[in-house]
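Notes to accompany the following structure.
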Amino acid sequence: MFAKVIVDVPAKQTNRAFDYIVPPALKAWVEVGSRVTVPFGPRVVQGFVVELHEETDVKIERLKSIQSVPDLVPPLTVELVGLAHWMSRTYLCHEVTALQVMLPGALKAKYERGLQVGIEPQMGSLLELPERLAILDFVRCKGTLSMEALMDRFPHEGAAIKDMVLSGALVEVQMMKDRISMKKVLTVFPPKEVDSLVEAGEKLPAKARKQKEVLDYLSLHPDPIRLTELMELIQVGAGTVKALADRGLIELKEIEVMRDPYAGRTFARTMPLPLTDEQSTVYAEIRSAIVEGKPSVFLLQGVTGSGKTEVYLQSIQQCLELGKEAIVLVPEISLTPQMVERFKGRFGNEVAVLHSRLSQGERYDEWRKIMRKQVRVVIGARSAVFAPFQRLGLIIIDEEHESSYKQEDSPKYHAREIAVQRAENNGATVVLGSATPSLESIHRTSVLPDHGTTESPSYRLLTMKSRVEGRPLPEVFIVDMREELKNGNRSMFSKALHHAIEERLHKKEQIVMLLNRRGYATFVMCRTCGYVSSCPHCDISLTYHQSTRMLRCHYCGYAEREVKLCPSCGSEHIRHFGTGTQRVEEELGKLFPGIRVIRMDVDTTTEKGSHEKWLTMFGQKQADVLLGTQMVAKGLDFPDVTLVGVIAADTSLNIPDFRSAERTFQLLTQVAGRAGRHQKLGEVYVQTYTPEHYSVQCASRHDYNSFVTEELHSRIRLGYPPYQRLILVTFSHEQAPFLIRAAEAFAVRLKELIEDVQRKQSTEMLLSLDGFEEPQAADFSMEVLGPVASPISRIKDRYRFQCVVKYRGDGLAVELVGKAVAYFEQQNAKEKLQISIDVDPQYLM
DNA sequence: AGCACGCCGACT
DNA sequence: GTCGGCGTGCTC
């Protein structure tokens with residue numbers, strides 16, 4: 001038997017399957033999806049089995065054997081192996097990178113080299129020397145140890161050690177370790193015949209009273225029990241129990257346990273709530289799709305507070321009743337205990353939770369619950385879309401428009417596309433939920449008046465237009481800040497917002513305040529000469545960090561001390577720009593003495609669990625205002641919030657990105673949705689310098705459809721998604737002139753490839769006119785823009801240039817870019833040119 | 001990516 | 001005459 005193995009060497013030359021012999025002893029263990037260790041060249045690496053065959057084309061004498069299979073059960077399913085292959089083509093990444101991203105970090109191989117004792121001392125070697133014997137003994141005693149450890153012990157014997165390695169007295173071996181750590185807990189095992197315990201207890205010395213107590217307890221409760229628990233229960237020391245184990249009366253063993261991040265927490269079980277008419281209609285559609293078991297994608301557009309979560313919950317219920325499994329994706333930022341509670345409350349310990357704040361070990365254990373089929377529901381952030389279920393029935397993506405569903409490093413996948421693909425593989429249903437669906441998604445529902453979608457599968461649109469229990473959407477007031485300035489109000493709060501805040505404080509209601517700070521980081525500038533502190537290695541200004549009083553580069557980590565005098569002109573007028581949340585907090589304190597503000601931004605939420613802590617405090621009404629950046633806009637639900645203030649809606653509008661209007665609209669709509677979700681009515685004040693902009697206007701009227709119509713027109717006009725799709729190709733190199741030449745050469749090559757295809761297609765068109773065959777990929781179009789300098793033109797001392805490829809049609813464009821890159825890399829093999837490809841990028845930088 | 005094999009400069 | 005520089009090419 002032979003296996004095709006993708007090895008853990010992410011390089012273009014090793015980006016293919018290698019054939020290995022499956023030794024008879026491992027035959028039962030090696031499956032498609034198995035993780036294996038294989039000899040590869042002079043070393044041993046990890047790999048993944050992607051195919052099994054009875055035959056092989058490779059000459060048998062060239063083949064090596066699989067060395068070991070580290071897992072009891074293959075960590076990947078056949079479906080996921082196929083998906084990884086699809087990903088490598090779709091996102092132009094190495095196949096092994098796609099496979100790795102599906103696994104918890106704990107299963108990533110850690111390579112170490114170590115030393116072992118080699119051949120026995122030979123004649124003429126210098127092994128009789130005492131220090132060499134000592135080294136040999138030390139290594140023999142340790143079995144295998146690292147070079148560092150040996151040098152630590154014998155700091156002056158570097159030469160001797162080297163000599164011993166050369167002579168073969170010591171041999172170098174490659175060690176491959178998992179990063180796994182199983183948590184082990186000492187557990188007490190009483191013997192099978194409990195009666196013997198009582199007897200034994202009587203034979204114990206009279207003074208061993210504590211030991212007798214333990215035996216009495218165990219004879220009544222003969223199940224294995226954790227040592228710590230036993231000690232707690234009957235107030236004995238570890239020594240007492242140990243003594244019993246030494247007498248052989250009980251057994252004390254380490255057993256492996258699962259870490260449970262939610263251990264000790266009970267979740268009140270909730271029952272399905274009655275659905276509103278809208279919810280029922282929507283649920284019925286989803287339900288029948290799940291029952292039918294054919295791949296289908298729904299786009300559920302429901303206004304904030306329309307009760308999408310209850311629809312999710314009941315859909316999952318339906319899915320479970322059919323014996324299938326479900327995945328729920330939520331943006332990382334809204335994966336709060338509140339959210340988890342809702343799912344744990346409904347499905348109890350059928351739920352595994354995966355998010356980045358878990359430790360590696362906790363993550364691994366949650367993941368193993370899936371492998372062992374102990375859970376049938378997974379709730380998690382982006383990467384949970386790869387949960388290794390085998391009877392997947394439903395994938396829900398909440399807030400589907402969120403850009404955090406796109407992974408920013410390789411493989412640069414979008415969880416939405418992965419979900420659709422997995423649904424295709426499993427006959428599963430996908431529900432994309434949002435109050436403000438992305439233009440890409442709404443376009444694929446083909447309900448828009450213009451040209452229908454060309455991409456398959458098309459999505460089915462479901463809408464929920466009203467909030468549960470007929471609660472109204474909050475009223476939104478747009479405040480023109482230019483007028484405020486004219487009227488002499490130079491404060492960051494308009495008169496209207498100021499009033500509204502006062503009123504809430506008076507009524508003891510709560511306020512959410514959003515400072516939309518994207519693309520507007522706090523930088524430092526000299527007011528005299530205009531000098532801006534910027535990174536010496538990257539083309540970007542440094543960001544000021546209050547906590548450390550340092551200026552830091554977000555791209556390379558470079559940091560420097562806060563400056564008091566301008567390094568350029570010596571002036572003292574150095575100011576921090578970019579209204580930070582701190583300044584808003586200060587201002588609030590000045591204007592409303594005694595106001596209690598919780599500030600949530602990067603400075604206050606880096607600590608583990610701090611995010612939850614603040615939200616809990618706010619929920620318990622320990623503060624009047626929740627002030628923060630994007631993170632206060634999402635998914636929060638507090639009954640006493642009746643006012644939402646947006647300090648400056650424009651900041652995200654002014655970012656030079658084709659999605660800035662869409663992002664602004666989404667953010668405003670989301671944050672407005674935080675107000676008046678329960679009995680009390682809500683109000684929203686949006687301060688802006690561009691009140692006429694359609695993203696602000698539409699958001700204020702809760703008018704998604706008008707926004708989409710307007711925005712889509714501009715996208716069509718400019719040839720941006722969803723009308724055309726994009727591929728961003730970024731080149732980087734230390735030398736700018738070389739880089740420019742290279743990027744241009746790439747663009748030329750890609751254009752040639754495109755022309756080839758187009759020429760071929762027009763020939764085919766002619767043929768098909770003669771009635772020979774159907775025209776193929778008639779919708780194909782592709783154009784190369786650039787190269788131009790990237791918006792951030794230098795990072796870590798490397799200059800950056802980029803090409804934007806606009807295209808329509810299926811995977812052909814990606815294939816051509818792949819070909820161009822391959823050709824190009826071959827031409828420039830020895831250069832240190834880096835090329836990065838982002839298919840369907842979220843940001844053009 | 002590693003790592004070995006292989007062909008040209010400054011040293012015992 | 002050798003040690004070692006890193007260019008080129010392969011890994012089942």
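Note on naming: letters A, B, ... go to the chains in the order of the sequence lines (proteins, then strands), and numbering restarts at 1 for each one.
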What string of B, S and - do you get for nucleotides 7-12 of chain C, 5' to 3', when a contact is any protein heavy atom under 4.0 Å?
-S-BBB
What I want to find out is whether A/Arg794 reaches A/Asp797 closely enough, with some N-O distance under 4.0 Å, to be called a salt bridge.
yes
Flag the pair A/Glu332 and A/Arg382 as a salt bridge only when some basic side-chain nitrogen lies within less than 4.0 angstrom of an acidic carboxylate oxygen.
no
Residues which pass salt bridge (charged side-chain N to carboxylate O under 4.0 Å, His left out) with A/Arg62, listed by chain and number, not counting sequence neighbours:
none
Salt bridge flag under 4.0 Å for residues A/Asp8 and A/Lys108
no
Kindly state whether the ring of A/Phe824 and the ring of A/Phe746 have centres lying under 6.0 angstrom apart.
yes
For A/Ser404, enumerate each residue passing the side-chain contact (heavy atoms from CB on, under 4.5 Å) test, keeping only those at least two apart in sequence or located in another chain.
A/Pro331, A/Glu402
Separation of atom CD in A/Gln46 from atom C1' in B/dA1, rounded to whole Å
15 Å
Could you list the residues that satisfy side-chain contact (heavy atoms from CB on, under 4.5 Å) with A/Tyr823, not counting sequence neighbours?
A/Arg749, A/Gln827
Short N/O separations, protein against nucleotides 5-7 of chain B, under 3.5 angstrom:
none

Can you pull the side-chain hydrogen bond (donor to acceptor under 3.5 Å, both in side chains) pairs that have at least one residue in residues 12-28 of chain A, sequence neighbours excluded?
A/Lys4-A/Asp19, A/Asp19-A/Thr56
